[in-house]
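The next block holds one structure in the form of structure tokens; read it before the comments.
Numbers restart at 1 for each chain; the letters A, B, ... are given by sequence-line order, proteins then strands. Worth knowing before you read on, the calculation uses all heavy atoms, side chains too, and leaves out hydrogens, waters and symmetry mates.
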Number of protein chains: 2
Amino acid sequence: MAQTQEQRRAETRRRLLDAARTVVAERGVTGATVEAMAAAADRTSGAIYDHFDGKDGLIVALLDQWKDAATAATLDDLAHAQSPTERLRSVWANFAAPRSEDGDQWVLLEHELWLYACRQSDAHAAAAGRYAEIRARLAQGLGEGMLGDGSQPSPTDAEAAATLMIGLMVGLEMQRRLEPSAVPDRLAVLGLRALAAIEGLTGEAP
Amino acid sequence: MAQTQEQRRAETRRRLLDAARTVVAERGVTGATVEAMAAAADRTSGAIYDHFDGKDGLIVALLDQWKDAATAATLDDLAHAQSPTERLRSVWANFAAPRSEDGDQWVLLEHELWLYACRQSDAHAAAAGRYAEIRARLAQGLGEGMLGDGSQPSPTDAEAAATLMIGLMVGLEMQRRLEPSAVPDRLAVLGLRALAAIEGLTGEAP
DNA sequence: GTCTATAGATTGATAGAC
DNA sequence: GTCTATCAATCTATAGAC
């Protein structure tokens, strides 16, 4: 079955993004050469200039994709869980290993793109948006009482608690990468539970 | 006042490390060229090869320095604080901005070196050691009841709580870099307090 | 112990064939 | 729309002057 030009173009774009994800995770943004990324996609460097107008364009596209992926992944199979603790376990599992194909490389990609966004002002918004997105999703779950102890926090409290939970997950993943035994899944879930249950986050100073 | 050869050598080494810290934070490990780092230290590339046997040697030395610095910085002015909350505020302040001269660049350096350590097996131990060191320090504070609500957690519980607290601080710093208003100091301290007060971390599963 | 000069290898990007 | 060929710039690392 022959492909149309449009299909082939779409496939090349997809392949380039997939390849870039892998190569950047392996060698870092600066270390990932145009040629290496093209080769990993079974294309040559010219394709990257045609589709993304060069290396920076490809990285920015990767960053956008990474931002959009956050939306889908955060609370995916949350509906299937029963208890709040069960749901927190699911949140952590989704965050700690969103997809098995990437193995443990996604963490490296996360930090590579974060660093890139910190330095490139035109990429800043996408990265900030990613975290804001996850935060909003998590806050929604907290607001509905799905993740906490049943009480209904105010919207601002839910946002604040979500910020803490995301922070905890990111930081635990970093430590786990260097020393897996230091961060068992159970510890992460207990930490999340404690943060989800905090009250008076946005009240007056203690 | 003339310097001895030894003094001059020591100064060059210090200058190279300082310069490397700045340049790596700015451009990343891969993006930091030997020449740029030498120039920032008012030396030329030859000095780096003499002192550190090349770029990788300099990065590893930087990583060791970074590891050792953790020991000193974590609980520095902790003794001066009064209440546990006051002490947590101090821990967060120390972690969030260990020294003002570095400005906000130290966070970038932290993640650059973490990524480097994840990829280079010979640097892995130093990075893991850094976090283990901070963890132990924090756990000690928790064990002595300085940071919690006064109760004395078991040593394993204290270690576990310290892991959570470090994770939270690292993850909050990442979010704050992209969106400062999302992570006020007060929120961080409240999160730390909640984690410091967790009980039964190493008991049986819930 | 540090510098200049330079070798040798790679890089991002472009031009033109197909 | 993708590939081959290639340029100019840049990088690490070395050799030798001082």
Within-4.5 Å side-chain heavy-atom neighbours: B:R13 and B:F52: yes

Parallel, tilted or perpendicular: ring planes of A:H111 versus B:W114, cut at 30 and 60 degrees: tilted

CG/B:D53: more than 12 non-hydrogen atoms of other groups inside 6.0 Å: no

Salt bridge present between A:D18 and A:R21 (N-O < 4.0 angstrom): yes

Positions of residues 43-51 of chain B (non-hydrogen atom under 4.0 Å from DNA chain C), listed by number: B:R43, B:T44, B:D50, B:H51

Nearest-Å distance for atom pair CZ/P, residues B:F52 and D:dT12: 16 Å

Sugar-phosphate, base or nothing in reach of B:A32, heavy atoms under 4.0 Å: sugar-phosphate

Interatomic distance where NZ belongs to B:K55 and C1' belongs to D:dT10 [whole Å]: 12 Å

Within 6.0 Å of CD in A:E35, more than 12 heavy atoms from elsewhere: no

Contact interval (first through last nucleotide) of DNA chain C with protein chain B, 4.0 Å heavy-atom: C:dG1 to C:dT4

Lys/Arg N to Asp/Glu carboxylate O, B:R87 vs B:E144, below 4.0 Å: no

Approximate separation, where rounding is to 0.5 Å, of A:L115 CG and A:E110 CD: 11.0 Å

Stepwise side-chain hydrogen bond (donor to acceptor under 3.5 Å, both in side chains) check, A:S83 with A:T85: CA-CA 5 Å; A:S83 66; A:T85 299; 4.8 Å; no

